[in-house]
Asks: 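Got a structure here, written out as structure tokens. Questions coming.
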Amino acid sequence: MSEGEGPQQKALEWFQQHSKEDKPHFYMKDVVKAHADVFDKRDIQKAMRDCAEAGTLTYFSTGSTTSRELPQECHVSSIKEGRSSRIRMRARAQSALAC
């Protein structure tokens, strides 16, 4: 990561480095904490909202909390293994909207 990058690019790079199959989504506070020494909390929050609006990050809600994830991490492995019907319903809704 170079010094000239803004909070949006830093947040996306952080997601790319930390996303794994078993933990693809993160809370806003995780990203803010990782960049607290470089950017203001509000700058990171605004950058993550901008990323969500641009489609480079997506929201994931469990009903009680909301986290963010990379769009390509749409729980494909969870769908294949059949771990959650809620995840399958979400994937179907996303694919229906894509058409």
Side-chain angles (χ1 to χ4, degrees):
M1 294 186 257
S2 68
E3 291 179 24
E5 295 177 355
Q8 197 169 11
Q9 185 62 32
K10 291 274 193 175
L12 288 174
E13 287 179 3
W14 188 88
F15 269 91
Q16 290 168 348
Q17 291 173 356
H18 290 87
S19 292
K20 298 180 176 83
E21 278 189 36
D22 59 333
K23 179 148 174 77
H25 46 271
F26 299 92
Y27 297 110
M28 174 95 65
K29 68 180 183 177
D30 297 330
V31 183
V32 169
K33 185 177 178 182
H35 297 95
D37 58 334
V38 181
F39 297 106
D40 183 52
K41 177 181 177 179
R42 290 184 187 246
D43 291 338
I44 291 290
Q45 291 173 336
K46 182 181 181 315
M48 290 181 63
R49 275 193 304 273
D50 292 344
C51 287
E53 289 174 6
T56 53
L57 287 178
T58 58
Y59 291 104
F60 178 83
S61 177
T62 61
S64 62
T65 61
T66 303
S67 57
R68 280 86 177 159
E69 64 187 356
L70 293 171
Q72 66 264 26
E73 298 290 340
C74 289
H75 306 289
V76 173
S77 62
S78 298
I79 294 168
K80 288 179 183 175
E81 295 172 17
R83 282 191 244 164
S84 171
S85 61
R86 181 175 21 170
I87 293 171
R88 282 192 294 271
M89 290 185 333
R90 179 174 174 237
R92 285 187 202 127
Q94 286 179 342
S95 64
L97 290 174
C99 295

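Along the sequence shown, residues are numbered consecutively beginning with 1. Just so it is clear, the values below take in all heavy atoms, side chains as well, and ignore hydrogens, waters and symmetry mates.
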Asks: Output the distance between atom NZ (Lys29) and atom CD (Gln45), rounded to the nearest 0.5 Å.
Replies: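 Interatomic distance, Lys29 NZ to Gln45 CD, rounded to 0.5 Å: 13.0 Å.
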Asks: After noting the C-alpha distance and the side-chain angles of Thr56 and Phe15, does the key distance pass the side-chain contact (heavy atoms from CB on, under 4.5 Å) rule?
Replies: CA-CA 10 Å; Thr56 53; Phe15 269 91; over 6 Å; no
Asks: Got a sec: does the NZ of Lys33 have more than 12 other heavy atoms crowding it under 6.0 Å?
Replies: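 No, because the 6.0 Å sphere around NZ of Lys33 holds 12 heavy atoms or fewer from other groups.
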Asks: Looking at Gly55 and Pro71, what are the two nearest heavy atoms and their distance?
Replies: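 Closest approach of Gly55 to Pro71, heavy atoms only: O-CG, 3.3 Å.
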Asks: Kindly compute the distance separating CG (Asp30) from NE2 (His25), expressed to the nearest 0.5 Å.
Replies: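 Taking CG in Asp30 and NE2 in His25, the distance rounds to 10.5 Å.
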Asks: Would you mind reporting whether Phe60 and Arg68 have side-chain heavy atoms less than 4.5 Å apart?
Replies: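 In short, these two side chains do not touch, never coming nearer than 4.5 Å.
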Asks: Verify side-chain contact (heavy atoms from CB on, under 4.5 Å) between Asp50 and Glu53, making sure each step is shown before the conclusion.
Replies: CA-CA 5 Å; Asp50 292 344; Glu53 289 174 6; 4.2 Å; yes
Asks: Looking only at heavy atoms, what is the nearest atom pair of Lys41 and Val32, with distance?
Replies: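 Heavy-atom minimum between the residues: CG-CG1, 3.7 Å.
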Asks: Work out which heavy atom in His18 is nearest to a heavy atom in Phe26; give both atom names and the distance.
Replies: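 Taking His18 first and Phe26 second, the nearest heavy atoms are O-CZ, 3.2 Å.
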Asks: If you take all heavy atoms of Ser19 and Leu70, which pair is closest and at what distance?
Replies: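 For Ser19 versus Leu70, the nearest heavy atoms are OG-CD1, 4.0 Å.
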Asks: For the atom pair CG (Asp43) and NE2 (His35), what is the distance rounded to the nearest 0.5 Å?
Replies: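 Atom-to-atom, Asp43:CG and His35:NE2 are 12.0 Å apart.
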Asks: If you apply the rule side-chain contact (heavy atoms from CB on, under 4.5 Å), what do you find for Ser67 with Tyr27, and how did you get there?
Replies: CA-CA 4 Å; Ser67 57; Tyr27 297 110; 4.1 Å; yes
Asks: Please determine, by modelled atom types, if Gln17 and Glu13 share a side-chain donor-acceptor pair under 3.5 angstrom.
Replies: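 Gln17 vs Glu13: no donor-acceptor pair found between side chains.
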Asks: Measuring from Gln8:CD to Phe39:CZ, what's the distance to the nearest 0.5 Å?
Replies: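 Taking CD in Gln8 and CZ in Phe39, the distance rounds to 11.0 Å.
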